[in-house]
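Here the structure is laid out as structure tokens; the discussion comes afterwards.
Quick note on labels: first sequence line is chain A, next is B, and so on, each numbered from 1. These figures come from a predicted structure and were not determined experimentally.
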There are 4 protein chains.
Amino acid sequence: MSVGLFYFYFKNKEDLLENLYDEITSMILGAIERGASSGDLGSMEKGCNVVVTIFVFFQTRRELAKVMLIEAVGLNPRFEQKRIEGLKKLLIGTEQNLEAFQKSGHINVPDVKVAAMAIHGATYQIIMNWLYEETPVNLTDLAYPLAQVS
Amino acid sequence: MSVGLFYFYFKNKEDLLENLYDEITSMILGAIERGASSGDLGSMEKGCNVVVTIFVFFQTRRELAKVMLIEAVGLNPRFEQKRIEGLKKLLIGTEQNLEAFQKSGHINVPDVKVAAMAIHGATYQIIMNWLYEETPVNLTDLAYPLAQVS
Amino acid sequence: MSVGLFYFYFKNKEDLLENLYDEITSMILGAIERGASSGDLGSMEKGCNVVVTIFVFFQTRRELAKVMLIEAVGLNPRFEQKRIEGLKKLLIGTEQNLEAFQKSGHINVPDVKVAAMAIHGATYQIIMNWLYEETPVNLTDLAYPLAQVS
Amino acid sequence: MSVGLFYFYFKNKEDLLENLYDEITSMILGAIERGASSGDLGSMEKGCNVVVTIFVFFQTRRELAKVMLIEAVGLNPRFEQKRIEGLKKLLIGTEQNLEAFQKSGHINVPDVKVAAMAIHGATYQIIMNWLYEETPVNLTDLAYPLAQVS
DNA sequence: GATGAATGAGGCTTCATTCAT
DNA sequence: TATGAATGAAGCCTCATTCAT
């Protein structure tokens, strides 16, 4: 796409990234919410499902993920705020899931907030490492070992 | 500090960050290594110690941490490589600790690498959240809940 | 020409000057070499031809000459070296011409190198003076009187 | 000398250079004038004397010459004007000498101005070459060959 | 007189954005 | 729609000069 055409379709660089970011965030958020409400599964299975869904999402979108998770970081204050807010939403989503699990007695953690951060951070880290690998392994292969850690 | 004075003390912007980064990385690396070799403690205690040491380190250096963990991200290709390499070293340190724990039968995880990423990511995430908080809680208060998750 | 456009066409300031300088130097060098090999002319005529060619070259390029001979001096070490090397080449060209004249018995000077410097310096000086004149005379009109001095 | 002390003795960088330049110019100008009025010598001898005097002056001041003839070129418009004016004075001095020689029938050139430029340029060039040499020859050794060219 | 840390205007360059075609 | 040359604000850095000691 030529430079000029880009500015025909998007207001500016931020605009494109914001659109993409909103889309991605809501997709992942959807996965998290669906994870919590998937009927008769145990908490462990639900949690795993969420992570697997996220991994599957990125698995087929490595270049997009690189842009959104690496290149889009620290771009400018305005977008940075949007990025942080997106991450917060995901964190809250994870937290709500954990709370439900906690209430139903499936898990028992001293601090749901901290647990959500830990799970979120662990997932994020595994994706980041996968993005930096020269010859990336199958991201979804990492879901089971990750689940076993928790 | 005036523009000129900065360049009197540092070769360029990168120079400052690289110096700081090297220092911080080796400090944290030291904590990780000391964690593994702290005598007669159990693995759990050792692991906790590492995390607590890291948290204590950042607790008293919030502004520095903001610069190194937020503002220094995506600065330029040269420094970005240094940053990634630093993170890799920390990851490897964690991995080596876990391997020792695994061998001594204290823990049992299917993939030490993934476990290291998870712990590293969880720790990183908690620090990041703490950095973004308006009125930060005591970072070290989060160490125990974090330990309980694992 | 806007700031940005300059860097669209040239890598940097040096790049423009280097390109121009190479071009000009090789043009003048060509004139010097052609001067020596212009068939059945006597040495005096050949020498005159060289100077006239150089003068004609600059006559129609006064502004360019101002940039290259005045503004480009002492710009920066890298370009300065290029400038000096260019001048050396011209000097060597003149020297080779004189050597040929000397061998063929047309001239008789105690030191060809010094003679080359003298001719080169005299020519250079006349061009410089012409560049600094408010209402410049015809540069080529100075070729004959210059030839008579030698 | 420390930076601060420099600005105690001189108003600014220009000030030092201007003072030096005035001094050098008047010294050389003196040599040129004395050359013309040195009693009962022939024109050739007088001319030679002038050049030799100039050469002797620089011979023992190579570093100073480097500063004034190389580094001081193109420094800034204000000093550049002073530099050009200095060179013009020298040129006029040479011209006056030549005019006297011409009147007394010792030389016969079609254009005294051009002749002055040629001599001035030749002398300048030889000094410049000497300044750029790694292992400089004796500058005064070049006076005789130079004289023979004319 | 003497020092060298501190200052900031100005230079070179980049890059997101605009505009003429 | 589509192009890519043109723009200029903003970033990094240098260096002549000043100032506190």
Determine which bases of DNA chain F form Watson-Crick or G-U wobble pairs with both distances under 3.5 Å, and write the result as a 5' to 3' dot-bracket string with | for other-strand partners.
.||||||||||||||||||||
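The stretch residues 64-78 of chain D has no heavy atom under 4.0 Å from DNA chain F, so no residue of it qualifies as close.
In this structure, A:T123 and A:I119 approach most closely via the heavy-atom pair OG1-O, 2.7 Å. Taking every heavy atom of both residues into account, A:Q125 and B:M117 meet most closely at CG-O, 3.2 Å. Across all non-hydrogen atoms, the minimal contact from C:F57 to C:T60 is O-OG1, 3.4 Å. Taking each heavy atom of D:Y124 and D:L69 in turn, the nearest pair found is OH-O, 4.0 Å. Scanning all heavy atoms of the two residues, the minimum distance from D:L75 to D:F79 falls at CB-CD2, 4.3 Å. Contact detail for B:Q59 and B:V137: the closest heavy-atom pair is NE2-O, 4.5 Å.
Residue C:Y7 has a polar side-chain atom (N or O) positioned under 4.0 Å from OP1 or OP2 of E:dT13.
Taking 4.5 Å as the limit, some side-chain heavy atom of C:Y132 sits within range of a side-chain heavy atom of C:I70. The closest side-chain heavy-atom distance from A:W130 to A:F55 is not below 4.5 Å.
Formation of a donor-acceptor pair under 3.5 Å by the D:E95 side chain with backbone atoms of D:A116 is not found in this model. In this structure, the side chain of B:R83 does not engage the main chain of B:M68 through any donor-acceptor pair within 3.5 Å.
Taking the six-membered ring where the residue is Trp, C:F6 and C:F10 present tilted rings, their angle falling between 30° and 60°.
Atom CZ of D:F79 and atom P of F:dA16 are 14 Å apart (whole Å). Distance A:F10 CZ to F:dT1 P: 13 Å, rounded to the nearest Å. The interatomic distance linking A:K11 (NZ) with E:dA16 (P) rounds to 16 Å, in whole Å. The distance from atom NZ of A:K13 to atom C1' of E:dT17 is 11 Å, rounded to the nearest whole Å.
Of the residues near DNA chain E, C:N12 and A:E14, the one whose nearest nucleotide (by heavy atom distance) lies more toward the 5' end is C:N12.
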How does protein contact run along nucleotides 3-9 of chain E, one letter per nucleotide 5' to 3', with B for base contact, S for sugar-phosphate only, - for none, heavy atoms under 4.0 Å?
BBSBBB-
